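Take a look at the structure set out below.
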Amino acid sequence: MTSLAEKLTEITGAAFAALDLPVELGQVRVSDRPDLAQFQCNGAMSAAKLASKNPREIAGEIQTKLLGFGHDRDTYVNSEYVSVHYQGHEVFKNIEIAGPGFINLNITDEYLAAHLADSAVDERLGVEKITKQETIVLDYGGPNIAKPMHVGHLRSSVIGDSLRRICGFAGFKTIGDVHFGDWGLHMGQVITELEERGILGQNVTLEQLEEIYPAASKACKEDEARLKKAQQATRKFQDGDPAYRKAAQQFAEVSIEGIKQNFGALGVHFDLWKGEADVHEMIAPMVNRLKTKGFAEESEGALVISVEQEGDKKEMPPLILLKSDGGVMYGTTDLATIVERMEEYKPARIIYVVDQRQSLHFEQVFRAAYKGGIVPDSTELTHAGFGTMNGPDGKPFKTRAGGVMRLEELISMGIEKATARLDEAELARDIEASERADIAQKVAIAAIKFADLQNNRIADYVFDIDRMTSFEGKTGPYLLYQAVRIKSLLRKAQAQGFEPGKEFTIQDSDRSLALLLTELPDVFEGALKNYTPHLLCEYAYRLAQEFSSFYAACHILSEEDEALRSSRLALCELTHRQIALVLGLLGIEIPERM
RNA sequence: GCGCCCGUAGCUCAGUGGAUAGAGCACUGGUUUCCGAAACCAGGGGUCGCAGGUUCGAGUCCUGCCGGGCGCACCA
């Protein structure tokens, strides 16, 4: 179904069309002056330029047209029937012209009620589904084998998982791929470390690995010869040295088990658990094709593909396909991964949720992919980059000791805080231990995810665990609380034999919540279009807040007017469904009670 | 040096070229015989980094500067 603002846009657009003005000028949106109107259209002011007329005059003509639709001869515009009636109700309560030429629109409560009733019976709550069945591959998470997962992986995982859910709800077939880092230098670093310790070939545990990689990395930084060894080992490993491969396979298994635990705790889902290593076989044929087609060339001992384009403002270094030692870099595996994804899934889009600092790399890879004919122009390659996570001091997030905080440590910190807060608020006291632990887990994850997702993706953000677990204000736990509170109310209503109605009765105390509830489809569209979950966070918070005001303003269960009571219960139910849907799209689970 | 991102209230952040720039935290005051007060209501707090320009209209677009972050061939 169409959103409310969209319906109004259609009507207003027809009025512009009827005056031979561009339909797009009829764009209606929620007013930013709620004291003056519910909706506004600014098209008359843009139209003034085109028609070289006074904007207020045009606004007046639009107003006249709008009032005429469905009443008289103006009803047809370009042979389309246009009406300002909906299910027998007037759409507009009034249309006013203000300031330089704003068209202020208010709708009737009856129309609002009818629209809400429609969206309440829609299981998608008014959000439209795409008609074409297209596939989107999302690349996020990106943990490295044998390296501990740290807070840096949080953003990629949480944002990527949310985008996957958003695209999925929009109707796309989505494929989330974790894309392990299991082919790079760090593999050689770990292998040589094992060699030096004389334990290559023996099984290592997760605990050992957690100490081994940092030690290897440190050694390579301090000693050039040691780094060289690691590079050679990496090359040997990539070439298929049996002992190295066998060892790597063993510690990869151990490592992946740990990684899966982390993602499990976070509630981040993947459809594919593939890595760089999986495309190894595809690299040589790909490189050969690029050579044959004349795209690959030798430069300074390496095999590269130039990706400069006319009109480039900046230096664009070529993408290195093969290093001078013959080894591959991550650009090569990224490119080969695109080859594989195109062959397997023919996606319409591939979205990379990776640190913004890698934007140049992705630009190189994307250009190489298009240039080399690996993807057609119809496939959209997007780097949905994100900013770094800083500590409260504004510098990259570190532990108190100054080290990198491990992801699981961060999660358990959140759970600890959530549990403490439950105790403090003396909530959920009579709930048994296992459910209580589950609640604390959900609260903690909601706190962490919401704190991350509510920020503009591209900008750096300050991660402050005390703030996000404070349970007050714009936080995940606040949203859970509101959702649980509504659920509890609905349970009580049911126990008393009250059912949410199918019809809505709009009074002063219900109107702003009712109006807000109509915005969901537009908000969703914005989040999908720009890959920005923070719009959904904003909306969920506004909903929770608006509901809370509504809840404080009118008592629902004791309302004696049956029509009003069932309407209000329906508002509660619709609010709950929307919050649950939106939080679901953010990857946040709501407990039954808390 | 070249390029990208950011600069909005004390702090953390929203703000598809439109009217009087908004939230949360913090601060001040108020609200519980009634549905969950982790709540609600009200209040104070702004040279939107600076300077030009485009526009009927600029936090938003363009140019320059200042401040911060990041990136620029064999790490990922």
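Everything numeric in this text was worked out from a predicted model, so none of it was measured. Below, chains carry the letters A, B, ... as their sequence lines are ordered, and counting in each starts from 1.
The line from CD of A:Q63 to CG of A:N94 is 9.5 Å long, rounded to the nearest 0.5 Å. Between atom CG of residue A:N455 and atom CZ of residue A:R155 there is a gap of 6.0 Å, rounded to the nearest 0.5 Å.
The pair A:R542-A:E519 meets the salt-bridge criterion, with a side-chain N (NZ, NE, NH1 or NH2) lying under 4.0 Å from an Asp/Glu carboxylate O.
Aromatic pair A:W183/A:Y330: ring centres not closer than 6.0 Å. Aromatic rings of A:Y481 and A:F471 (six-membered ring for Trp) have centroids beyond the 6.0 Å cut-off, not under it. Ring centroids of A:Y461 and A:F397 are separated by 6.0 Å or more, keeping the two rings apart.
Of all nucleotides listed (B:G36, B:C56, B:A26), B:C56 comes nearest to the side chain of A:K49. The A:E315 side chain lies nearest to B:G1 when the options are B:C40, B:A14, B:G1. Nearest to the side-chain atoms of A:H555 among the listed nucleotides B:C34, B:A39, B:G18 stands B:C34. The side chain of A:N456 has B:G15 as its nearest neighbour among B:U12, B:A19, B:G15. When each of B:G36, B:G71, B:G15 is scored by its nearest atom to the side-chain atoms of A:L360, the top-ranked nucleotide is B:G71. Closest to the side chain of A:S549, out of B:U16, B:G36, B:C41, is B:C41.
Within 4.0 Å (heavy atoms only), A:Q40 reaches at least one base atom of the nucleic acid. Base contact: A:R29 has a heavy atom under 4.0 Å from a base atom. Residue A:Q356 is classed as having no contact, given no heavy-atom separation below 4.0 Å to the nucleic acid. Using a 4.0 Å heavy-atom cutoff across all strands shown, A:F102 reaches at least one base atom of the nucleic acid. At a threshold of 4.0 angstrom between heavy atoms, the contacts of A:D460 are confined to the sugar-phosphate backbone, with no base atom among them. Here A:N530 lies out of heavy-atom contact (under 4.0 Å) with every strand.
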Below 3.5 Å is the cut-off: list the nitrogen or oxygen pairs between protein and nucleotides 74-76 of chain B, distance only.
from: B:C74; atom 1: O2; to: A:S324; atom 2: N; distance (Å): 2.7
from: B:C74; atom 1: O2; to: A:S324; atom 2: OG; distance (Å): 3.4
from: B:C74; atom 1: N3; to: A:S324; atom 2: OG; distance (Å): 3.4
from: B:C74; atom 1: N4; to: A:E300; atom 2: O; distance (Å): 2.4
from: B:C75; atom 1: OP2; to: A:Q231; atom 2: NE2; distance (Å): 3.2
from: B:C75; atom 1: OP2; to: A:K323; atom 2: NZ; distance (Å): 3.3
from: B:A76; atom 1: OP2; to: A:Y330; atom 2: N; distance (Å): 3.4
from: B:A76; atom 1: O3'; to: A:E276; atom 2: OE2; distance (Å): 3.3
from: B:A76; atom 1: N6; to: A:Y330; atom 2: OH; distance (Å): 3.2

Review item, nucleotides 62-64 of chain B N/O atoms under 3.5 Å of protein N/O:
none

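Residue A:Y481 and nucleotide B:G36 are not classified as a stacked aromatic pair, given the requirement of ring centres less than 5.5 Å apart at an interplanar angle below 30°.
A:K487 has no side-chain polar atom (N or O) that falls below the 4.0 Å cut-off from OP1 or OP2 of B:G36. Remark: A:R568 is not in phosphate contact with B:C35, judged by side-chain N or O atoms under 4.0 Å from OP1 or OP2.
Remark: A:R457 is not positioned above the aromatic ring of A:Y531, lacking an NZ or CZ atom under 6.0 angstrom from the ring centre and at most 45 degrees off the axis. Relative to the ring axis of A:F39, A:R29 does not place its NZ or CZ within 45° and under 6.0 Å from the centre.
Within 6.0 Å of CD on A:E435 lie more than 12 heavy atoms contributed by other residues, nucleotides or ligands.
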Using Watson-Crick and G-U wobble pairs whose two distances are both under 3.5 Å, how do you write the pairing of RNA chain B as dot-bracket, with | for links to another strand?
(((((((..((((....[...)))).(((((.......))))).....(((((..]....))))))))))))....

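Counting distance only, with no hydrogens placed and no angle test, the side-chain atoms of A:N104 and the base atoms of B:A19 include a donor-acceptor pair under 3.5 Å.
Here B:U12 is in the anti range [glycosidic angle more than 90° from 0].
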